[in-house]
Undergrad: 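Supplied in structure tokens, the structure appears directly below.
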Amino acid sequence: MHVSLRRVAHTRSGDKGNTSNIAVIAYEPAFYPYIKQAVTVDALRTIYNETAVRGAITRYEVDGLGVLNFVLEGALGGGVSRSLAIDNYGKALASAVLRLELEVPDTLAPLLRGPKTDQGQ
């Protein structure tokens, strides 16, 4: 079944200067392999395009904890205190990741979090 990332994981974020980091944390270990497959550097690049993230995106896998950590360079318009963009901080960038869709087996449906959407699970 197709579900949004917010049904299987949550995010944490931080920012320093012009760099943001986003951690994607699986709610359950069973979700992690599907998150790892779907939440790639290319997927984040598609979400943010070059207007939001102008530099490199690096993914770090923390398999023992079921976490992916992304470092986004050139993501904050020169830095939070220098940016003229409204709400272009790490928290807003992390929230956008949760809209990603991924495929999980029907057998994992009882572990999903949050409400179903009109577009599937």
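Values reported hereafter were calculated over all heavy atoms of this structure, with side chains retained and with hydrogens, waters and symmetry mates removed.
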Undergrad: Consider only side-chain N and O atoms of His2 and Glu103, and report whether a donor and an acceptor are under 3.5 Å apart.
TA: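 Distance-only check passes for His2 and Glu103.
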Undergrad: To check you understand the geometry: which heavy-atom pair defines the closest contact between Thr11 and Ser95, and what is its length?
TA: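 In terms of heavy atoms, the two residues are closest at OG1-N, 4.5 Å.
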Undergrad: If every non-hydrogen atom of Ala26 is compared with every non-hydrogen atom of Phe31, which pair is closest and at what distance?
TA: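 Looking at all heavy atoms of both residues, the shortest contact is CB-CB, 4.4 Å.
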Undergrad: Tell me, please, which residues at least two apart from Ala56 pass side-chain contact (heavy atoms from CB on, under 4.5 Å).
TA: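 Residues passing side-chain contact (heavy atoms from CB on, under 4.5 Å) with Ala56: Glu73.
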Undergrad: Keeping the roles fixed (side chain from Arg99, backbone from Ile47), state whether a donor-acceptor pair exists under 3.5 Å.
TA: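 Not a single qualifying donor-acceptor pair exists.
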Undergrad: Suppose the criterion is ring pair (Phe, Tyr, Trp, His ring centres under 6.0 Å): which pairs have a residue in residues 11-30, not counting sequence neighbours?
TA: His10-Tyr27
Undergrad: For Pro29 and Pro33, work out which heavy atoms get closest and say how close.
TA: O-CD, 3.5 Å
Undergrad: Got a sec, which hydrophobics cluster with Val71, joining ILVMFWY side chains under 4.5 Å apart, including via others?
TA: Tyr60
Undergrad: Would you name the heavy atoms of Ser4 and Leu102 that are closest together and state the gap between them?
TA: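 Shortest heavy-atom contact: C-CD2, 4.1 Å.
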Undergrad: Find out whether Ile22 and Leu72 are in side-chain contact, i.e. whether some heavy atom of one side chain is under 4.5 Å from a heavy atom of the other.
TA: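 Ile22 vs Leu72: side chains touch.
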Undergrad: Does Gln37 have any side-chain hydrogen bond (donor to acceptor under 3.5 Å, both in side chains) partners at least two apart in sequence or in another chain, and if so, which?
TA: none
Undergrad: Out of curiosity, Leu111 CG to Arg7 CZ, how far, rounded to the nearest 0.5 Å?
TA: 11.0 Å
Undergrad: Under the salt bridge (charged side-chain N to carboxylate O under 4.0 Å, His left out) definition, can you give me all pairs with a residue in residues 29-38, not counting sequence neighbours?
TA: Lys36-Glu61, Lys36-Asp63
Undergrad: Is the closest side-chain heavy-atom distance between Phe70 and Val39 below 4.5 Å?
TA: yes
Undergrad: Residues in ring pair (Phe, Tyr, Trp, His ring centres under 6.0 Å) with Tyr34, at least two apart?
TA: none
Undergrad: Locate the shortest heavy-atom distance separating Ala94 from Tyr48; write the atom from each residue and the value.
TA: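 For Ala94 versus Tyr48, the nearest heavy atoms are N-OH, 4.2 Å.
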Undergrad: So, for Met1 and Pro105, which heavy atoms are closest and what is the spacing to 0.1 Å?
TA: CE-O, 3.6 Å
Undergrad: Under a single-linkage rule joining Ile, Leu, Val, Met, Phe, Trp and Tyr whose side-chain heavy atoms are separated by less than 4.5 Å, which residues share a cluster with Val67?
TA: Ile25, Val62, Leu65
Undergrad: Quick one, Arg59 and Leu68 - any side-chain contact, counting heavy atoms below 4.5 Å?
TA: yes
Undergrad: Could you name each residue pair satisfying salt bridge (charged side-chain N to carboxylate O under 4.0 Å, His left out) that touches residues 104-115, not counting sequence neighbours?
TA: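 Pairs touching residues 104-115 that pass the test: Glu28-Arg113.
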Undergrad: Pick out which of Leu44, Leu98, Leu5, Val8 makes a side chain to side chain contact (heavy atoms under 4.5 Å, CB included) with Val24.
TA: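 Passing option: Leu5.
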